[in-house]
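All chains are named by letter (A, B, ...) in the order of the sequence lines, taking the proteins before the strands, and each is independently numbered beginning at 1.
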Protein chains: 2
Amino acid sequence: MKTRDKILLSSLELFNEQGERNVTTNHIAAHLAISPGNLYYHFRNKSDIIYELFQEYEKLVDFYLDIPEGRSMTLADMMFYLESVFDGLWNYRFFHRDLEYLLDRDPRLRSDYRDFTDRCLAAISRIFEKQEDAGIIEPQPESLRKAMSLNVWLVITNWMAFLKTAHAEKTSASLTIHELKQGIYQVLTIEVPYLTPAYREQVMVLREQYRPTMPEPLPGEAVSLTDAGNSDVSGVS
Amino acid sequence: MKTRDKILLSSLELFNEQGERNVTTNHIAAHLAISPGNLYYHFRNKSDIIYELFQEYEKLVDFYLDIPEGRSMTLADMMFYLESVFDGLWNYRFFHRDLEYLLDRDPRLRSDYRDFTDRCLAAISRIFEKQEDAGIIEPQPESLRKAMSLNVWLVITNWMAFLKTAHAEKTSASLTIHELKQGIYQVLTIEVPYLTPAYREQVMVLREQYRPTMPEPLPGEAVSLTDAGNSDVSGVS
DNA sequence: GACTATCTAGAGTATATACTCTAATAATAC
DNA sequence: GTATTATTAGAGTATATACTCTAGATAGTC
């Protein structure tokens, strides 16, 4: 493999593991057992490495979210979108972690990311539309669909940050893709009230497969497992 | 005002404006026209300043989210919670911006923040319950209420990051509290499908007041305003 | 084999940043 | 007034980090 590609690969790996902020160009070079001079021969600066990684990420997600217009949407399609997006998120997870700082440092990135967000929001919206057409969810006004899409985006892009901040003991490194994909449960939660009777059960079953195995404990709820047989779900205490 | 308090105040101000990452202890001292030595006389290190600011924030939000159990919940209560929480978010907005980094650097903060999150999630869940009791929203199973609460939390804590990253030109400083509070629109969106007929209209009107004046433009949607009179809201294109 | 373009090493630099240390000044107590 | 304590100044330090520069190695071409 070319040195240039090795630099990109190692950077991605180190950024994902330790956060961009904690990985210096010297670290990257040391990790590859090459000299800093060598690294800077291939990249003008650190920003250029990050920018190139972003472009890979962008290309990946754009590919995943290319909604075919010829046929109607199935549940399998929907789950594929979700799985794919979370895979992308996982492979370039450093990016959303330090997003604001990165955008502040690189105007190209800020501008590209803005467009990227717009494309993703449009794709999510389109997915909702096609689910309506397919009779998976009830049709909704454009404005509501738009607001829902934005909420979906917020959940997707920030689920990882939640996981990393919500675990007191665990350090950032110990996150697994399995845990990350529990975000799919949260995304599907948004869709739950709109499901048509015809699809409701199927989607609920699919959703259940992503339910966090160890749910975030709300105080006073440590008994939820032993309470499993209790049918009092009226919610009135 | 005591020097110590001035340090806290200035730190908060500078952190909010420029991000914790971009504000050094030397900057803070210079801003106050005091010496670094003076600053370090009052605080052992930068982390201690941040930790103390977090405790203020925590106290504030805990105060806002103290749900009175004696009486049933009104719409006014609900809007007060939302307004208050977003006010708190605004006043300590530096915190969520660099959250992961801050938690990585200070174990006290990580642990406290974890508990803080749990308390907030419990409070949100309780607010949903009391809305069910008050007949504002339809009763839902415990598990769904929990997932909804988590989504609400994700939207609230990450709405600001979205605003700052979604505007290509604007730099971070130009965010206003008015824009921030448009996040209330997004939070209420989660609740929309669960509203009871008795309250639906009222809540929709309230929600509308927070609708972004310049909505995030989804590509090909620049006509949404001129389309306002069009009653085709079936969502089926 | 000579020439050229590509690649690499590694010492070095400019700047930043969190923090320290000593000495001086102000406030308070008696 | 004097002793003690609290506060402040400001020069200084250790460390880190993004990046540079020069010289040498390697590979491809004729």
Protein-nucleotide distance ([X], atom [atom1]; [N], atom [atom2]), rounded to Å:
X         : N       : atom1 : atom2 : value
Arg44(A)  : dC21(D) : CZ    : P     : 14 Å
Lys46(B)  : dA18(C) : NZ    : P     : 4 Å
Leu39(B)  : dT20(C) : CG    : C1'   : 13 Å
Arg105(B) : dT17(C) : CZ    : C1'   : 12 Å
Ile7(B)   : dC19(C) : CD1   : P     : 13 Å
His31(A)  : dT17(D) : NE2   : C1'   : 19 Å
Lys2(B)   : dT8(D)  : NZ    : P     : 9 Å
Arg4(B)   : dT8(D)  : CZ    : P     : 12 Å

* Please determine if a side-chain N or O atom of Tyr40(B) lies less than 4.0 Å away from the OP1 or OP2 oxygen of dT20(C). => no

* Asked: Is the phosphate of dA18(C), meaning OP1 or OP2, less than 4.0 Å from a side-chain N or O of Thr25(B)?
  -> yes

Strictly by modelled atom types, are [X] and [Y] linked by a side-chain donor-acceptor pair under 3.5 Å?
X         : Y         : answer
Tyr51(B)  : Asp112(B) : yes
His96(A)  : Tyr57(A)  : yes
Tyr64(B)  : Glu83(B)  : no
Tyr113(A) : Thr165(B) : no
Arg105(B) : Tyr101(B) : yes

* Over all atoms of both residues, closest heavy-atom pair of Ser143(A) and Arg211(B) -> CB-NH2, 3.6 Å

Quick one: which of [options] gets closest to the side chain of [X]?
X        : options                   : answer
His27(B) : dC7(C), dT17(C), dC19(C)  : dT17(C)
Thr24(A) : dA18(D), dC19(D), dC19(C) : dA18(D)
Tyr41(A) : dC19(D), dC7(C), dT17(D)  : dC7(C)

Are there any protein N/O atoms within less than 3.5 Å of an N/O atom in nucleotides 10-14 of chain D, and if so, which ones and at what distance?
{"from": "dG10(D)", "atom 1": "O6", "to": "Gly37(B)", "atom 2": "N", "distance (Å)": "3.4"}

* Residue whose nearest DNA chain D nucleotide is more 5′ - Glu20(A) or His42(B) -> His42(B)

* May I ask you to establish whether Arg207(B) and Tyr185(B) are in a cation-pi arrangement, using a distance under 6.0 Å from NZ or CZ to the six-membered ring centre and at most 45° from the ring axis? => yes

* To do: Have a look at Ala29(B) and say if it touches a base, only the backbone sugar-phosphate, or nothing, with a 4.0 Å heavy-atom cut-off.
  => nothing

